[in-house]
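Chain identifiers are assigned alphabetically (A, B, ...) following the order of the sequence lines, protein sequences preceding nucleic acid strands; residue numbering begins at 1 within each chain.
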Protein chains: 2
Amino acid sequence: MVSIKDVAGASGLSVATVSRALNGHPSVSDGARERVLAAVESLGYRPNVVARSLRTDRTGTIGLVISDVLNPYFTELARSVEEEARALGYSVIIGNADERSDLEDHHVRGLLERRIDGLLVSPADGRSPMTLEAAAGPTPVVFVDRWIPGADAPVVRADGRRAIRDLVDHLHALGRRRIAVITGPAATTTGRERIDAFREALSAHGIPLPEDYIGRGDFQAESGRLATERFLDLPEPPDTVFATDNLMALGALDAIAARGLRVPDDIGLAAFDDIPWFTHTDPPITTIAQPTAELGRVAVRALAALIAGEPVASTVLPAHLVVRRSCGEAATPPQTDRAATGGAARE
Amino acid sequence: MVSIKDVAGASGLSVATVSRALNGHPSVSDGARERVLAAVESLGYRPNVVARSLRTDRTGTIGLVISDVLNPYFTELARSVEEEARALGYSVIIGNADERSDLEDHHVRGLLERRIDGLLVSPADGRSPMTLEAAAGPTPVVFVDRWIPGADAPVVRADGRRAIRDLVDHLHALGRRRIAVITGPAATTTGRERIDAFREALSAHGIPLPEDYIGRGDFQAESGRLATERFLDLPEPPDTVFATDNLMALGALDAIAARGLRVPDDIGLAAFDDIPWFTHTDPPITTIAQPTAELGRVAVRALAALIAGEPVASTVLPAHLVVRRSCGEAATPPQTDRAATGGAARE
DNA sequence: TCCCCACATGTAATCGTTTTCATGGGACGT
DNA sequence: ACGTCCCATGAAAACGATTACATGTGGGGA
């Protein structure tokens, strides 16, 4: 590999001058700069980022550890993170934890050893020691979507409580009374928030939530299918199922279709996270949409600020209900669809 | 940050011995090893991969540049690549080219500067100079899914020709005769292969393919929608649309739904790439499935072999037709989960 | 007893940059 | 004409690891 020394040799200058020329240092003569560029061109020199990072202690890279790459919600998040990071001059290394805390550990450790400038993580659960260590350590960390209570790092997330209340109002208005829910892992903040908000909203309407109507899922499709089957086997099955993420909703749809039941006539279905496919399922699915891309952008900006040494506060963006047809005929066609990220609350 | 020197100091040994102890070098006494590990533990030492890479000229990282992270096909590919790479001791840095060759260029350049050990790329089109340069350069490169003819790198891909023939046979058997196609960019190998094979299969049945029945897409949803609208505006619209990837099929579905038409009665739809959602659309979509995960695994193994200096040949795996209901009655009607949209008018 | 070798360890060079410090030579003000 | 300052440049020291080479020590074979 051709190094800066070769460029120095070819241009008859010292490595110091070459380095300065390449980094836009002001005190380099035009002549020198030209000779350097010519040598770079003819030798095909490409700076060694590894060496540079060692010297400068900056890698120009941020890490992103997400819970599941196959989940469209997280791919959208990853995409917006990469986009914003690129705009800010950073590269992104993505680690997929697959909802496993050992994998999360593995990736966080690897990223820290790689000396990334900052870390964005959506913790699978609170059980990854490395994640806690990272949050406590010198590398800037920002939690996105999920977080670990007590860990010392800003959080960028969406608040679904209000939207869940809206959803339950909607279901109530449609006459739904036997509403079951498929939760995420109790160890995740989003898992807890969604079931808590749901329970609260139900009780506001005086609707009970029997233990049988709570399916314990893991945010992946198969768990949604299993939970739904169990619901359908009940002596008094629910008239509506609320899956607290998009993959579990997919699993629920599977289970429902396998029994030859129809949505929404035989059973209603609502989901969390809006994804393009929900428009095309049979029927289109009523769901709660997060401002996913915005979440990613805000998180990256927060991380960049942290890296720059600026103080950073947590951010909460609102999620909102998107009514389609999977719970019955829409009462009113409000169609608040998308772009509604109006007021961002700051903590 | 605590470095190997601190560990050496704390354990009363030299950096050389510490390094050896940490890397499992045989000639290190048990006593020394223990003292090193104790010091590592108490100091919270974490090796600096950047420094190691500089010295060893190995980063333990491979790059993966894909065309579109939002495309489920590529996320599945990315996932299997990461999995296999991890098993082989590599980390993966993913770059999203978003079907833009300038972004592809950007990522390939960044990855090379980062001195990745090897590069997996699915070129957006042949127009990225960096990709060509990379294939010609010293860093091992393997093309996956798509490739650049003439570039000197092994290719791991699926062959869709046979499956496309099967699809056309299927359509023909169902009486479909006015079949339109939405192609990918002519600059991509997959784009060309699919339209070529399709054209060939049609002519084997004596079915014409008028120019009007060819929609030029870019593998993204919006282009599928536009192409389909144009088809539907034709004086004699097609009775079937074949979208050559899953996102364009989604767009086609959009356009069809927007006109209140029903699939497959009013118009048939077939796709390329199988994804979980195709089971849940209305109706489930007949498509051509690639062995996506296997593709990722094979590609990583090929790259690892290349890195190890072993000779590597290109690999072609077969794709196959998956018949569902979007083109008309399935050959084998196993279950009665139809019923659904009985006579209900839509929209 | 002596020699040789293997073993455990240390010293120092090295990887490719950036950056501090030193230096020489104009340009400019007086 | 002289001192001052700045500007362009170079030499060399880092950064944190790995590793070739050197060194001392102890054990085993002759």
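Distance alone, capped at 3.5 Å, places no donor-acceptor pair between the T292(A) side chain and the Y73(A) backbone. Under the 3.5 Å distance criterion, the side-chain polar atoms of T61(B) are left unmatched by any main-chain donor or acceptor of V92(B). Side-chain atoms of D117(A) come within 3.5 Å of backbone N or O of G60(A) as a donor-acceptor pair.
Note: CG (L22(A)) to C1' (dT19(C)) measures 15 Å, nearest angstrom. In this structure, the NZ atom of K5(B) is 15 Å from the C1' atom of dG10(C), given to the nearest Å. The CG-P distance, from L54(B) to dA13(C), rounds to 17 Å in whole Å. Atom CZ in R115(B) sits about 7 Å away from atom P in dT17(C), given to the nearest Å. We find that NE2 of H25(A) is positioned 11 Å from C1' of dT20(C), with the value rounded to whole Å.
Taken over five-pair windows at either terminus, the axes of the helix from dT1(C)-dA30(D) to dT30(C)-dA1(D) are inclined to one another by 40° (rounded to 10 degrees).
DNA chain D is contacted by Y45(B), P47(B) of residues 30-47 of chain B, taking any non-hydrogen atom closer than 4.0 Å. Listed by residue number, G12(A), L13(A), S14(A), A16(A), T17(A), R20(A) are the residues of residues 8-21 of chain A with a heavy-atom contact under 4.0 Å to DNA chain D.
Protein chain A contacts DNA chain D from dA8(D) to dG16(D), reading 5' to 3' and using non-hydrogen atoms of the protein with a distance under 4.0 Å.
Within a 6.0 Å sphere centred on CZ of R297(A), heavy atoms belonging to other residues, nucleotides or ligands number more than 12. The environment of CZ in R301(A) is crowded: more than 12 heavy-atom neighbours from other residues, nucleotides or ligands sit within 6.0 Å.
For the atom pair OH of Y45(A) and CG of L37(A), the computed distance is 12.0 Å after rounding to the nearest 0.5 Å.
A donor N or O paired with an acceptor N or O is not found under 3.5 Å between the base of dT18(C) and the side-chain atoms of R52(A). Donor-acceptor pairing under 3.5 Å, judged by distance alone, is absent between the side chain of R55(A) and the base of dT17(C).
Among residues two or more places apart in sequence or in another chain, the salt bridge (Lys or Arg N to Asp or Glu O under 4.0 Å) test is passed with D105(B) by none. Annotation: side chain to side chain donor-acceptor pair (under 3.5 Å) contacts of S80(A) (sequence neighbours excluded): none. Not counting sequence neighbours, the partners of R46(A) by the salt bridge (Lys or Arg N to Asp or Glu O under 4.0 Å) test are E133(B). E310(A) meets the side-chain contact (heavy atoms from CB on, under 4.5 Å) test with A305(A), A308(A); sequence neighbours excluded. Residues forming a side-chain contact (heavy atoms from CB on, under 4.5 Å) with P154(B) (at least two apart in sequence, or on another chain): V142(B), L306(B), V312(B), S314(B). Taking D218(A) as the reference, nothing meets the salt bridge (Lys or Arg N to Asp or Glu O under 4.0 Å) condition, with sequence neighbours excluded.
For residues 93-103 of chain B, the set of pairs meeting the side-chain hydrogen bond (donor to acceptor under 3.5 Å, both in side chains) definition, not counting sequence neighbours, comprises R79(A)-D98(B), E99(B)-R146(B), R100(B)-D102(B).
The shortest distance between the side-chain N/O atoms of N23(A) and the OP1/OP2 oxygens of dT18(C) is below 4.0 Å.
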Could you list the donor-acceptor pairs under 3.5 angstrom formed between side-chain atoms of residues 20-28 of chain B and any protein atom two or more places apart in sequence or on another chain?
{"residue": "N23(B)", "atom": "ND2", "partner": "S19(B)", "partner atom": "O", "Å": "3.1"}
{"residue": "N23(B)", "atom": "ND2", "partner": "S19(B)", "partner atom": "OG", "Å": "3.4"}
{"residue": "H25(B)", "atom": "ND1", "partner": "S27(B)", "partner atom": "N", "Å": "3.2"}

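T56(B) comes within contact range of the sugar-phosphate backbone alone, with a heavy-atom separation under 4.0 Å but no base atom that close.
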